[in-house]
Asks: 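I have a structure here, written as structure tokens, and I will follow up with some questions on it.
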Amino acid sequence: MAQHIGVIDSDEWLGLIRSSPRDVPVVAQSFRGISFKSTFEPVVLGCSDGLDYIVKAPKNAELKRAVCNEQVIGRLAATLSAPVPAAKVVQIPQVLVDAHPELAGIPAGPAHGSIYLPNTSKIRQGIKHANMPANRERFALLAILYGLAGVAVEHQFFYEDETQLVWSFDHGHFFLGGPNWTIATLAAGRPATADKRIVNGCALTPQELHGAARHLDDLTVESIAQAVASPDDAWGLSDPERVALAQHFGTRMNRLRG
């Protein structure tokens, strides 16, 4: 059974966050192509770890907040085994930007990256293939992940071409207020329940949700602290905001577990 997160006070959270190990950013080395049209204008970049990433570079203050959300949700999803591509900080060198006209307007520096899945649908979709047993488990995990966040403004699902397995992308507008969330809006979030849109759209049973909620036992104070520590300092997430996020997740996790 995971530690009851509610007993951790602000100073303890701050100490955990500041001492959390951070991944060394991967370095973008090659331009692979345009991902899809959106506010971020995400691109596919080959990186120093030998993998390709969909990369979103924060071009303004609002987008800096959005990539913070993306990083944090991606890290929590990994701990919960939810179907979200792995998140990394990708360092974009100025020399790469200068070498490719397609990257004009993209700032060099740290950006949000998620593992590129080339064999998935290229258009955002709604809930589909929900009767597949594997997808029912995946949707149940996403319902818990979205409930942990509190507010999921966008439900954007993609499906593998051959298997039709579901993946969740684009989490920049999670939390009450989206990229413009504040400590006050976090505190005013909705009750901690599994995401109703997913639950109702898939007709998930209490037993399926209970099975998914067991993955919350994998969340520890250390893994939550590491998740909220993951956004790069250049994106402007303050220590009080990181602490508020950690407290937000801890409180909601306890309630989702019952």
Side-chain angles (χ1 to χ4, degrees), residues 17 22-23 25-26 28 34-45 53-77 84-94 96-97 100 102-116 123-124 142 145-158 167-190 195 197 224 227-249 252:
I17 292 164
R22 288 188 176 185
D23 294 342
V26 295
I34 304 295
S35 176
F36 53 83
K37 293 294 183 182
S38 75
T39 303
F40 272 107
E41 298 180 342
V43 294
V44 181
L45 301 179
Y53 290 82
I54 295 179
V55 178
K56 298 178 178 180
K59 301 178 182 180
N60 56 46
E62 182 174 355
L63 295 185
K64 285 182 180 180
R65 300 286 298 198
V67 296
C68 290
N69 294 359
E70 293 259 26
Q71 277 286 313
V72 171
I73 294 297
R75 306 293 176 137
L76 292 176
V84 173
K88 281 279 191 179
V89 175
V90 175
Q91 187 71 25
I92 304 176
Q94 185 64 52
L96 183 65
V97 174
H100 295 279
E102 299 92 340
L103 300 180
I106 290 180
H112 167 72
S114 58
I115 293 289
Y116 178 49
I123 299 174
R124 306 163 184 169
L142 290 174
L145 175 66
Y146 285 27
L148 189 64
V151 174
V153 175
E154 298 177 314
H155 290 63
Q156 299 186 24
F157 304 121
F158 296 74
W167 290 88
S168 177
F169 296 172
D170 292 340
H171 309 111
H173 285 76
F174 275 38
F175 311 122
L176 185 60
N180 299 312
W181 66 264
T182 65
I183 293 173
T185 63
L186 282 181
R190 298 171 184 170
D195 185 85
R197 183 170 173 181
I224 291 175
V228 301
S230 65
D232 194 277
D233 290 340
W235 301 338
L237 195 63
S238 69
D239 281 346
E241 288 169 330
R242 293 178 195 264
V243 168
L245 273 177
Q247 293 172 323
H248 173 79
F249 294 132
R252 298 185 71 81

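Keep in mind that this is a model prediction, so the values were computed, not measured. For reference, positions follow the sequence shown, starting with 1.
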Asks: Minimum heavy-atom separation for Ala28 to Val90, with atom names?
Replies: CB-CG1, 3.9 Å
Asks: Name the one of Phe169, Tyr116, Trp167 that satisfies ring pair (Phe, Tyr, Trp, His ring centres under 6.0 Å) with Phe158?
Replies: Phe169
Asks: Which heavy atom of Asn60 sits nearest to which heavy atom of Leu63, and what is that distance?
Replies: OD1-N, 2.9 Å
Asks: Parallel, tilted or perpendicular: which describes the rings of Tyr146 and Phe157, with under 30° parallel and over 60° perpendicular?
Replies: parallel
Asks: Can you check whether Lys59 reaches Pro107 side chain to side chain, under 4.5 Å on heavy atoms?
Replies: yes
Asks: Do the non-hydrogen side-chain atoms of Val43 and Glu102 ever get within less than 4.5 Å of each other?
Replies: no
Asks: Can you find a pair of side-chain heavy atoms, one from His155 and one from Asp195, that are under 4.5 Å apart?
Replies: yes
Asks: Side chains of Glu62 and Asn180: closer than 4.5 Å at any heavy-atom pair?
Replies: yes
Asks: Tell me, do Val84 and Leu142 make a side-chain contact under 4.5 Å, heavy atoms counted?
Replies: yes
Asks: State, with a plain yes or no, whether a side-chain heavy atom of Trp235 is found less than 4.5 Å away from one of Leu237.
Replies: no
Asks: Counting C-beta onward and ignoring hydrogens, is there a side-chain heavy-atom pair between Val72 and Pro231 closer than 4.5 Å?
Replies: yes
Asks: How far apart are the C-alpha atoms of Ile17 and Val243, what are their side-chain angles, what is the distance that settles it, and do they pass the side chain to side chain contact (heavy atoms under 4.5 Å, CB included) test?
Replies: CA-CA 8 Å; Ile17 292 164; Val243 168; 4.0 Å; yes
Asks: Hey, could you give me the CZ/CG distance between Phe174 and Leu76, rounded to the nearest 0.5 Å?
Replies: 11.0 Å
Asks: Minimum heavy-atom separation for Pro58 to Pro110, with atom names?
Replies: CD-O, 3.7 Å
Asks: Compare every heavy atom of Ala57 with every heavy atom of Ile92, then report the nearest pair and how far apart it is.
Replies: CD1-CB, 4.2 Å
Asks: State plainly whether the residues Lys64 and Asp232 are in salt-bridge range, i.e. N to O under 4.0 Å.
Replies: no
Asks: Describe, in one word, how the ring planes of Phe175 and His248 are oriented to each other, choosing from parallel (under 30°), tilted (30 to 60°) and perpendicular (over 60°).
Replies: perpendicular
